[in-house]
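So you know, we letter chains A, B, ... as the sequences are listed, proteins then strands, and number each from 1.
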Amino acid sequence: MFGLTDCNNFYVSCERIFNPSLEGKPVVVLSNNDGCVISRSSEAKTIGIKMGSPLFKLKEIIKDHGVIAYSSNFPLYGDISARVMEILRISTPAIEVYSIDEAFIDFREVPDNEISAIGHSLIKKIRKGVGIPVSIGVSKTKTLAKVATKLSKQYPSTKGFCLMSKESDISRVLKKFPVEDVWGIGRAHSKMLASYGVSTAYEFILKDEKWIRAKMGITGLRTWRELQGENCISLEDGTPDKKQICTSRSFASDLSDFEDLYKAIATFASSSAEKLRKQKGVCREIIIFILTNPFKESGLTHNQSALITLSEYTDNSLVIISNACSGLRAIFREGYQYKKCGVILSSIIRKTDLTPTLFASIDEISKSNSLMSVMDEINSKYGNKSIVTAAAGIEKIKANQNLLSKRYTTSWDDIIEVKV
DNA sequence: TCTGGGGTCCTAGGACCC
DNA sequence: TCTGGGGTCCTAGGACCC
């Protein structure tokens, strides 16, 4: 059996830990630049706020219902996530961290009759130890565990835990389960399935295997099998290395100056390089992209990217930045209002797998290595971006974050005060 | 005025190899 | 008249996830 732990309304729940007065009220957390809603409390869902809706369209509903909105505070959410995962890790045979708010649990070696007690105790431990509500679903495959988790959220009587093991229980559930809510079936396939009269997970598994393969490829077939209890998606141990590393942002206001874009690209290149060194990787490809605002009806559109292939693998920020910037020079055009840009590192291998090149001296390599580790050390000790390259500039890129809570658990300056 | 930021995997088709 | 049969690698784009 596989379990899936899912933190309820995760970002909102994180905000509520340090501000209990938010309990019972409609609360939302916004994306970067306070653009869209990316997390909603159950009260916010009830009054009809949809996932991903832009803030400016919600002005009225927010006023009418006294909705409380927060800017996203990722240092806080990341730290709370790590605490949840730690409890899961020490209390179960093995877990796979699947996202910031979800983890699969390996129950394969645990007798069926013990799973339920473990599940309920995990929910209590996390509530008490970290302060957030979680739901747990358990079944024969990861895809079915996802279904079970959804049920545990849907029905309060489950107290956040749902175990689906009996064949008859599973088919009873699947008969009512909308096919578009199945893990692995997205918008496009839902639409296609609907056109063939398939609307529930049960109708989906009744379809012929060959038909599924032809219409939905090998991944669709996997989902089809998983729903029938056949294990196709295994549990990953450890976090696999990233194959691509991307840093990108939308700007608070449009940029049309080369200089401004240059600073942004240099900053993002530097962040990506830092992430690359963190996973002890080196890359050989850099992709940069610049986009104009897709929502603007007037104005010129220009979406362009450049791929730079380096002659040697590197993790050196200076090399990555200067190449990213020459890429920008090649695609930048005057007269456009740019809204977003980003830097993607690709063609990544582990640094230890690197074959030393004939043309760089040992001296140069070790110089580069020590420079980078000193940079990383300073930034880790004195705070992110304490030391930056001149290209990135000293001013930070402005983002709208007017509704930000404090970094209660990761910054001494923001630590909570107790007033006597 | 105002619309997120990350990722992964699969597939089809073209270029190329012998 | 008739024009092989087996591969690999790369890339762009689509689908999906949170």
Return the set of residues passing side-chain contact (heavy atoms from CB on, under 4.5 Å) with Ser171(A) (not counting sequence neighbours), or none when no residue passes.
-> Tyr202(A)

Protein-nucleotide distance ([X], atom [atom1]; [N], atom [atom2]), rounded to Å:
{"X": "Phe74(A)", "N": "dG5(B)", "atom1": "CZ", "atom2": "P", "result": "9 Å"}
{"X": "Asn33(A)", "N": "dG5(B)", "atom1": "CG", "atom2": "P", "result": "7 Å"}
{"X": "Leu30(A)", "N": "dG4(B)", "atom1": "CG", "atom2": "C1'", "result": "11 Å"}
{"X": "Ile245(A)", "N": "dG6(B)", "atom1": "CD1", "atom2": "P", "result": "11 Å"}
{"X": "Ile38(A)", "N": "dG4(B)", "atom1": "CD1", "atom2": "P", "result": "10 Å"}
{"X": "Lys340(A)", "N": "dG5(B)", "atom1": "NZ", "atom2": "C1'", "result": "6 Å"}
{"X": "Leu404(A)", "N": "dG4(B)", "atom1": "CG", "atom2": "C1'", "result": "15 Å"}
{"X": "Lys243(A)", "N": "dG7(B)", "atom1": "NZ", "atom2": "C1'", "result": "11 Å"}

dG4(B) versus dC17(C) - spacing of their C1' atoms, nearest Å = 15 Å

Within the structure shown, what part of the strands sits under 4.0 Å from Lys339(A) by heavy-atom distance: base, sugar-phosphate, or nothing?
-> sugar-phosphate

Just call it for Thr247(A): base, sugar-phosphate, or nothing, with non-hydrogen atoms closer than 4.0 Å on any strand.
-> sugar-phosphate

Atom pairs and distances, donor-acceptor, side-chain atoms in residues 121-136 of chain A, under 3.5 Å, two or more places apart:
unit_1	atom_1	unit_2	atom_2	d
Ser121(A)	OG	Ile118(A)	O	3.4
Lys125(A)	NZ	Ser91(A)	OG	3.2
Ser135(A)	OG	Asn8(A)	OD1	2.7

So, is Ser253(A) near the phosphate of dT1(B), with a side-chain N or O under 4.0 Å from OP1 or OP2?
-> no

Using only side-chain N and O atoms of Lys275(A), determine if any of them is under 4.0 Å from OP1 or OP2 of dG6(B).
-> yes

Mind checking what makes salt bridge (Lys or Arg N to Asp or Glu O under 4.0 Å) contact with [X], not counting sequence neighbours?
{"X": "Asp376(A)", "result": "Arg277(A)"}
{"X": "Arg213(A)", "result": "none"}
{"X": "Lys296(A)", "result": "Asp254(A)"}

Does the gap between the ring centers of Phe104(A) and Phe2(A) come in under 6.0 Å?
-> no

Got a sec, which pairs hit ring-ring contact (aromatic ring centres under 6.0 Å, His included) with one end in [range], sequence neighbours left out?
{"range": "residues 14-71 of chain A", "answer": "Phe18(A)-Tyr408(A)"}
{"range": "residues 120-142 of chain A", "answer": "His120(A)-Phe161(A)"}
{"range": "residues 35-55 of chain A", "answer": "none"}

With nearest nucleotides of DNA chain B determined for Ile218(A) and Ser31(A) from heavy-atom distances, which residue corresponds to the more 5′ nucleotide?
-> Ser31(A)

Between Gly217(A) and Gln244(A), who's closer to the 5' end of DNA chain B by nearest nucleotide?
-> Gln244(A)

So which of residues 49-61 of chain A are in contact with DNA chain C, with a heavy-atom cut-off of under 4.0 Å?
-> none

Which dot-bracket string fits DNA chain C when only Watson-Crick or G-U wobble pairs with both atom distances under 3.5 Å count, crossing pairs get [ ], and | stands for a partner on a different strand?
-> ....||||||||||||||

Charged N to carboxylate O below 4.0 Å: is that the case for Glu60(A) and Lys63(A)?
-> no

Judged by modelled atom types alone, do Thr143(A) and Glu226(A) share a side-chain donor-acceptor pair under 3.5 Å?
-> yes

Of all pairs that satisfy side-chain hydrogen bond (donor to acceptor under 3.5 Å, both in side chains), the ones with a partner from residues 259-270 of chain A, not counting sequence neighbours = none

Just by protein heavy atoms under 4.0 Å, how would nucleotides 8-18 of chain C read 5' to 3' in B, S and -?
-> -------SSSS

